[in-house]
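The structure under discussion appears below in the form of structure tokens.
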Number of protein chains: 2
Amino acid sequence: MSTLLEVARRAGVSIASASRALNGESASPRTVELVTAAALELEYVPDARARGLKRGATGQLAFGVADVGNHVYVEMMRAVEDAVRDASYRVLISSVGSTVETEVALLRSLASGYVDGLVISPLRVDAELLAELGRLRVPVVVVGLLPHPEGFDNVRANSAAGVELAVEHLLDTGRRRIGFVNGPEDTTPGRVRGRAFTAVCERLGLAELGVVASDFTFAAGLDAARDLLDRTTRTGTPLDAVVAANDLIAAGTYHAAAERGLQIPGDLAVVGMDDSALAAQLLPTLTSVDLGAAARGRHAAELLLARLRDPDRPTQSVVVEPALVVRSSTAGSPS
Amino acid sequence: MSTLLEVARRAGVSIASASRALNGESASPRTVELVTAAALELEYVPDARARGLKRGATGQLAFGVADVGNHVYVEMMRAVEDAVRDASYRVLISSVGSTVETEVALLRSLASGYVDGLVISPLRVDAELLAELGRLRVPVVVVGLLPHPEGFDNVRANSAAGVELAVEHLLDTGRRRIGFVNGPEDTTPGRVRGRAFTAVCERLGLAELGVVASDFTFAAGLDAARDLLDRTTRTGTPLDAVVAANDLIAAGTYHAAAERGLQIPGDLAVVGMDDSALAAQLLPTLTSVDLGAAARGRHAAELLLARLRDPDRPTQSVVVEPALVVRSSTAGSPS
DNA sequence: CTGTTAGCGCCTTCAG
DNA sequence: CTGAAGGCGCTAACAG
């Protein structure tokens, strides 16, 4: 409410001295005391816009995320926050929906001066989005697979390897009829995971039993899993395992199985992906492929900080390898 | 990257004309055309700080939330976003941790010019926080119980009534030994819910079997529920029902029950609070008290918009009443 | 150590 | 309808 000028007047010094006193620049003890007292009295709060305008930096970063309801992004976000804390940046989260238009609108708004840089994890990437990224006045790190990684700092999971880990683990536990509930294949992760499943089935001589959910959510996963279970049951050789493209879809699969009287893991083994908090919360606990959400967040933050320090450094791409976390949903052998 | 001045020069007009042309003020069609073309060519993006500094508004609101990992806040946030969309505000989310210091730091930073107003849902409220709220240069709506609601726009749940709904429902299904897993009692919701449980037990002549978790999280809920179940079992009259202070704690209770071979709902009925997405995702699905997260978010957004329009309007308090959502975790009678 | 001054990029009167 | 000029609040030279 009050400005620096008012503080300066009240302290009986110039505006420059007031600024210096409050920012710990060279100032006499007496000035500091006077100014601090005046600021306190007037409840002075510096205007961040003016400061940002002058300094060309805001001390804020943004994390743009496709679905705040998905716990995986929460883990990434926490990792980002932890990683930038020491550099004393604050992190704002922005839910961007899953369409390119909303994504672009967010970018425009944030990157026009409210933040010094951003990390985004888009579900869908197209030319328009990439063009917009290039136009931004602040550096951006993209988490997720890019058609042309060069040109952007980029962190991605190896979800193809993750799908392989899941399928191989199921084979190891004696499962043979393995279904796959994917997310939408017009998204980057959906496309990659779908292709990986096809490839691994071919390599291992398995029937490819897949279905596509309309979104990476619980509700969509439930619908898709119902469809897959019913379809395969009608053929006479029901599934004995399902790989889900993320943990929410796996949770939907649990419910579809329960509706049909199938026990997990006895009748049906389930493997999720992301190893989000939900995996440990479900009953039975969910075996899940950890795609390194926290590690991706940390790497993204570090790349961003590095670029902020040196805008001219070459762009860098980091790949995080997956790891299988075995829990109860794949225990034992098929009954 | 480019400034309005550069756009103006390229279009061969003055900076004032360029500003008017881009903002739809009076300008000749030819000027508009020239300026628009120049802006496009230079990939001009207006600097939000400068604009905000001049206009005194940013078009952004913030939602400060205690725990982004708790789905209840996701629902509130979505409701806030929906409610302010028509007024074309963008919403930023900020995770503030659960301490007063981090809360204050957030407020300082955001409210110093990056946003036009904010909604916060603090877990702990003390005099320092309230003082800080009063100092802010932007309006704030507090979601949660306030010691002195006057002075702030305020929305709150009636979680005491929610606890009563839960206990009465359990009595209706024939449960008699009802335990309560609360969250920390130095938080506002923890204190209110704890007192409500004590009161309802007294009123209905029930033994008060309570335990306090160290946080409103799954892990803390699991620990506390283990404790409660073991303690009551040792007394010879085990529990037949548990009320959890939120859905995450209820999920922890599921696991503690499973570890001890207790079936839900046969041996133990469980009621959660918040009716978050998790309630429908658990198996068996969780009966939960809907504390109106979405409604609270919507109300908070509307109060904020109203104050933004009229800073002098009297402050207002809204209470959202709870509703029980019955699912499988309380089905049937105790076995 | 202190005060004066020139902008950061933009919008908005005010003349023309 | 257009241009010139002032200032939003702050910081960083520059003199003193």
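In what follows, chains are A, B, ... by sequence order, proteins preceding strands, each numbered from 1.
Residue pairs that meet the salt bridge (Lys or Arg N to Asp or Glu O under 4.0 Å) test with at least one member in residues 72-93 of chain B, sequence neighbours left out, are Asp67(A)-Arg78(B), Asp82(B)-Arg85(B). Legend: salt bridge (Lys or Arg N to Asp or Glu O under 4.0 Å) pairs involving residues 8-20 of chain B, not counting sequence neighbours, sorted by first then second residue: Arg10(B)-Glu41(B). Sorted by first and then second residue, the salt bridge (Lys or Arg N to Asp or Glu O under 4.0 Å) pairs involving residues 129-147 of chain B (not counting sequence neighbours) are Asp47(A)-Arg137(B), Arg108(B)-Glu132(B), Glu132(B)-Arg135(B). Applying the salt bridge (Lys or Arg N to Asp or Glu O under 4.0 Å) test to residues at least two apart or on different chains, none of the pairs has a partner in residues 21-39 of chain B.
For the pair Val320(A) and Arg156(A), the minimum side-chain heavy-atom distance is 4.5 Å or more.
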Return a single string for nucleotides 8-16 of chain D, one symbol per nucleotide in 5' to 3' order, where B is base contact, S is sugar-phosphate-only contact and - is none, cutoff 4.0 angstrom on heavy atoms. BBBBBB---
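Take Ala157(B) and apply the side-chain contact (heavy atoms from CB on, under 4.5 Å) test, not counting sequence neighbours, and it matches Leu291(B), Arg296(B). Ala294(B) pairs by the side-chain contact (heavy atoms from CB on, under 4.5 Å) definition with Ala79(B), not counting sequence neighbours. Remark: Ala57(A) pairs with Asp116(A) by the side-chain contact (heavy atoms from CB on, under 4.5 Å) rule, at least two apart or across chains. Looking at residues two or more places apart in sequence or on another chain, you find a side-chain contact (heavy atoms from CB on, under 4.5 Å) between Ser19(B) and Leu4(B), Asn23(B).
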Side chains of residues 311-319 of chain A: which donor-acceptor partners sit under 3.5 Å, not counting sequence neighbours?
| unit_1 | atom_1 | unit_2 | atom_2 | d |
| --- | --- | --- | --- | --- |
| Arg313(A) | NH2 | Gln316(A) | OE1 | 2.9 |
| Ser317(A) | OG | Asn154(A) | OD1 | 3.1 |

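Not one side-chain nitrogen or oxygen of Ser28(B) sits closer than 4.0 Å to the OP1 or OP2 atom of dC1(D).
Nucleotides of DNA chain C with any atom under 4.0 Å from a heavy atom of chain A span, from 5' to 3', dC1(C) to dG9(C).
Within the helix from dC1(C)-dG16(D) to dG16(C)-dC1(D), the inter-axis angle between the opening and closing five-pair segments is 40°, rounded to 10°.
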